[in-house]
Amino acid sequence: MLKFPKAFVIAAASLLLAGAASAETYGLGRPATADEVVAWDIDVRPDGVGLPEGSGSALDGEAIYTERCAMCHGDFGEGIGRWPVLAGGQGTLVRARPVKTIGSYWPYLSTVWDYVHRAMPFGDAQSLETDEVYALTAYILYLNDLVDDGFVLDRETFKTVKMPNAEGFFPDDRAKTETWTADNICMADCKSDVEITARAQVVDVTPEDPTSKHRTAETTENTQPGTDGTVQLSSVAAPDPALIDEGAKVFRKCAACHAVGDGAKHKLGPHLNGVFGRTAGSADGFAKYSKDMVAAGQDGLVWDQDSLTTFLKNPKGLIKRTKMAFGGLKKDEDLAALTAYLQAEGKGQ
Amino acid sequence: MTDTKPVSPKKPSVSTSRRAFLKGGLITGGALAAVPALAKSGDPAILEIQPWANQLGEGVDARPYGTPSQFEAHVRRRNVEWLTADPVSSVNFTPLHELDGVITPNGLCFERHHGGIAEVDPAKYRLMINGLVDRELVFTLQDLKRFPRVNRAYFLECAANSGMEWRGAQLNGCQFTHGMIHNVMYTGVPLRTILEEAGLKTTGKWLLAEGADASAMTRSIPIEKALDDCLVAFAMNGEALRPEQGYPVRLVVPGWEGNMWIKWLRRIEIGDQPWQQREETSKYTDLFANGKARRFTWEMDAKSVITNPSPQAPIAHGKGHTVLTGVAWSGHGTIKEVHVTLDGGKNWQQARLDGPSWDRSMHRFYFEFDWTGAPLLLQSRAVDSTGYVQPTKNELRAVRGENSIYHNNGIQTWHVTANGEAENVEVS
């Protein structure tokens, strides 16, 4: 595209002189510092370029996996609910229901390291140390029977691992194999009989239209608490709407596993409606509590401002083997905001 | 497109709705004849003064950012809960059956996130260019807006659009079968301009685009595409990008699968080989029946769908003159023709294309006909500017099997019954 004739002439001249692509510049932007590039350039290629110094064993990885990954991916990489299956599936790619796992499908080990490092755990990305990523990657290989439990992954051993499905891919060939063209296209009497062979209503998996059902709930949501001028009769201070809004943002760290508010259901963790005043480990219909959590409830632990704050600040400090894989909130203002939000939003049904 | 006139009869039989109204009016008149008052005959919507004609409405400041009419509240994106483990890494669908023209309104553009919506503070927005360039650079949003910019309308289709239909008709609604697409006018800077600012080294053959979200989304893109027509966009349909579409900056990769259009774009790296990231190896690769998978299937092939009538938009007016409409698009260029069949593919007719015919942008088609009230098996078939014809689903399956997930551009069939309702079906 031609921007300015003069610039084009200069560009063309330099092209002739240097034989390399050149073009006008606008002098915009500033040089990136070396530290900035290191901070953001985290990608790892199949040849190992991008892997930092470090190491971790499959055995080390097991403990980290159990704490940080198993609640979604399952103790053996089998996947809970619809969360991704990480292990097994070898030999299933030709079946009607293939199981595409790291062992059965992923062609490159670098992708595992890169993705665990950049995006896992879900909701707490880039929180793993380099050695932890090595250890987890080694453990995932172990779950797929590709290494033994003593395997130590580092930049050198990385080169020794070949993924089982490395040769399972071929480049896009649609231009040669999918050539449906308008030549001789049929417009009339193209076939004699037409029968219906499949029907969506029989399958019956289409969501119902939620529009009318949620209208009441939306009206409620749009009402801002504390702005209607009513006098609070309770001696408890009215919740601060700004604090609740802040808490809603903090809650995003929790939302992968917990729901709260009208219509909230159990997810990986229990729904949090009515959590204030609830005995620990007692949400109706939630069966996935740790033994420690249930025991704490039986010993009399009830969630209130103090106990929730303590728990959310350091979950494992209060409930040693809680299944909640969350490191805890460091900032007091985040704790205050989150508990205010849970108290307000948890009044939902 | 050679013929832009409607091919159906222009004079349909007497409108059933008109006939029904006259009949209703006569009955009302007959009943009222017994009442000796000054009864009037006609439509209460006309005869009675409506509240909006009598009382003043809201003033200009009541809606500083306008929203649709309260009567359009049902026009919304919807998701299919069972598709994904969690709504944070999930997808919802554009209500194609509620739209017309070729531009998708910003608030109705389908969403696909891998780590939720990143709420990027524009004051802290940075775009880094690194790797095989002469100058590794950092741009602010203001820097980007000082480059010469262009306006281009392009469709964005998720590679998995219609992906739930490989094993047969499954979801009963055009929104769900085809709604992972939107068509937007972007304002942005050609990626080429920004790469030239950094100075591409001749060894640079691939580009990695990376997002600032909690999945740090990444895709490898060949340098030829990057230098051809990609945009670094900051506006859609005239306003800033919506948060769910990558605010403040996203990549635009015309004609290629939506996953590559990195949202919340924070970094572009130049390298000499692809990075083989998760979204181009374990996902967005097309598994064949023989267990081998096609990779780097970037282009979206020509496709069309009838949006009305469809399961969520039945024919409500009974037999008589009927407007059928739909959309068509191709990642290889423009749409040259769309054919429509009423009988499941025995006979086809030219649809009428109307509206702008832009390169790799959505096209709108219409087919007006006189519906007899007999059941219909509706299909549309797109032909793009390269001469490629949209295949049937069975033609696709013959090549790929049923485990491909991605790139299902097969012909869609709606079965319209005598009462005007439509169902997602497949035909022999």
Side-chain angles (χ1 to χ4, degrees), chain A residues 1 3 20-21 23 25-26 28-32 36-37 40-41 43 45-46 81-83 93-94 98 100 105-108 110-111 114-115 118-119 125 168-172 177-178 180-182 185 187-191 193-201 203 205-207 211 252 255-256, chain B residues 74 80 84-86 88 128 130 135-139 143 146-148 168-173 176 196-197 200 202 208 214-216 267 269 275-278 281-282 285 287 290-297 344-348 377 383 387-389 391 399 403 415 423-428:
Chain A
M1 195 177 55
K3 276 162 254 160
T25 59
Y26 297 87
L28 294 171
R30 61 157 177 87
E36 286 173 340
V37 173
W40 272 9
D41 185 353
D43 49 68
R45 295 197 319 200
R82 292 190 67 85
W83 295 100
L93 297 183
V94 292
K100 294 194 278 187
Y105 195 64
W106 291 38
Y108 303 105
S110 60
T111 316
D114 177 286
Y115 188 72
R118 77 170 51 242
F169 294 81
F170 63 96
D172 190 356
T177 58
E178 300 188 3
W180 297 292
T181 65
I185 196 165
M187 295 297 287
D189 300 323
C190 303
K191 47 190 176 184
D193 292 310
V194 174
E195 298 292 329
I196 292 176
T197 57
R199 296 186 54 192
Q201 280 177 13
V203 182
V205 290
T206 309
T211 312
R252 287 184 201 151
Chain B
H74 57 286
V80 177
T84 51
D86 185 274
V88 171
M128 179 186 289
N130 75 305
R135 297 168 292 279
E136 294 190 319
L137 294 175
V138 173
F139 300 102
D143 291 334
R146 292 173 65 194
F147 285 107
Q170 182 163 256
L171 287 167
N172 206 27
F176 304 115
E196 285 172 350
E197 188 74 21
L200 273 182
T202 52
L208 184 76
S215 75
R267 192 170 68 93
E269 182 175 352
W275 281 261
Q276 308 289 0
Q277 294 281 291
R278 185 214 190 219
T281 54
S282 80
T285 46
L287 181 61
N290 67 0
K292 300 289 182 188
R294 202 187 250 165
R295 65 171 189 174
F296 293 159
T297 46
K346 290 182 190 171
N347 298 289
W348 296 84
L377 286 168
V383 182
Y388 173 93
V389 178
V399 177
N403 289 331
H415 177 221
E423 184 189 0
N424 175 12
V425 301
E426 290 197 20
V427 294
S428 55

Rounded to the nearest 0.5 Å, how far does CG of A:Leu28 lie from CZ of B:Phe147?
-> 4.5 Å

Euclidean distance, B:Glu196 CD relative to A:Tyr26 OH, rounded to 0.5 Å | 8.0 Å

Please give me the minimum heavy-atom distance between [X] and [Y], naming the atom from each residue.
{"X": "B:Phe139", "Y": "A:Gly29", "result": "CD2-CA, 3.5 Å"}
{"X": "A:Ala32", "Y": "B:Val138", "result": "CB-CG2, 3.6 Å"}
{"X": "A:Ala198", "Y": "B:Ala169", "result": "CB-N, 4.0 Å"}
{"X": "B:Val389", "Y": "A:Thr181", "result": "CG2-C, 3.3 Å"}
{"X": "A:Lys191", "Y": "B:Val427", "result": "NZ-CG2, 4.4 Å"}

Can B:Arg295 be said to sit on top of A:Phe169's aromatic six-ring, NZ or CZ under 6.0 Å from centre and within 45° of the ring axis?
-> no

Top contributor to chain B contacts, counting heavy-atom pairs under 4.5 Å, from [options]:
{"options": "A:Arg82, A:Lys100, A:Glu195", "answer": "A:Arg82"}
{"options": "A:Tyr108, A:Phe170, A:Tyr115", "answer": "A:Phe170"}
{"options": "A:Gly81, A:Ala125, A:Pro46", "answer": "A:Pro46"}
{"options": "A:Val203, A:Asp193, A:Val194, A:Asp189", "answer": "A:Val194"}

Given a strict heavy-atom distance threshold of 4.5 Å, which part of [X] is in contact with chain A: side chain, backbone, both, or neither?
{"X": "B:Tyr388", "result": "both"}
{"X": "B:Val399", "result": "side chain"}
{"X": "B:Leu377", "result": "side chain"}
{"X": "B:Glu136", "result": "both"}
{"X": "B:Thr297", "result": "both"}
{"X": "B:Arg294", "result": "both"}
{"X": "B:Asn290", "result": "backbone"}

Can you tell if the side chain of A:Tyr105 reaches within under 4.5 Å of the side chain of B:Leu287, non-hydrogen atoms only?
-> yes

Considering only heavy atoms from C-beta outward, does the side chain of B:Glu423 approach that of A:Ile196 to under 4.5 Å?
-> no

What part of A:Trp106 is in contact with chain B, defined as an atom under 4.5 angstrom from a non-hydrogen atom: side chain, backbone, both or neither?
-> side chain

Heavy-atom pairs under 4.5 Å with chain A are the metric here; pick the option from [options] that has the most.
{"options": "B:Val80, B:Thr281, B:Asp143", "value": "B:Thr281"}
{"options": "B:Ser215, B:Gly173, B:Gly344, B:Gly168", "value": "B:Gly344"}
{"options": "B:Leu208, B:Asn424, B:Asn172", "value": "B:Asn172"}
{"options": "B:Ala216, B:Ser282, B:Ala293", "value": "B:Ala293"}

B:Arg146 CZ: over 12 foreign heavy atoms closer than 6.0 Å = no

Hey, is the main chain of A:Val205 close enough, under 3.5 Å, to the side chain of B:Gln170 for a donor-acceptor pair?
-> no

Which one of A:Asp114, A:Asp43, A:Thr111 satisfies the side chain to side chain donor-acceptor pair (under 3.5 Å) criterion with B:Gln277?
-> A:Asp114

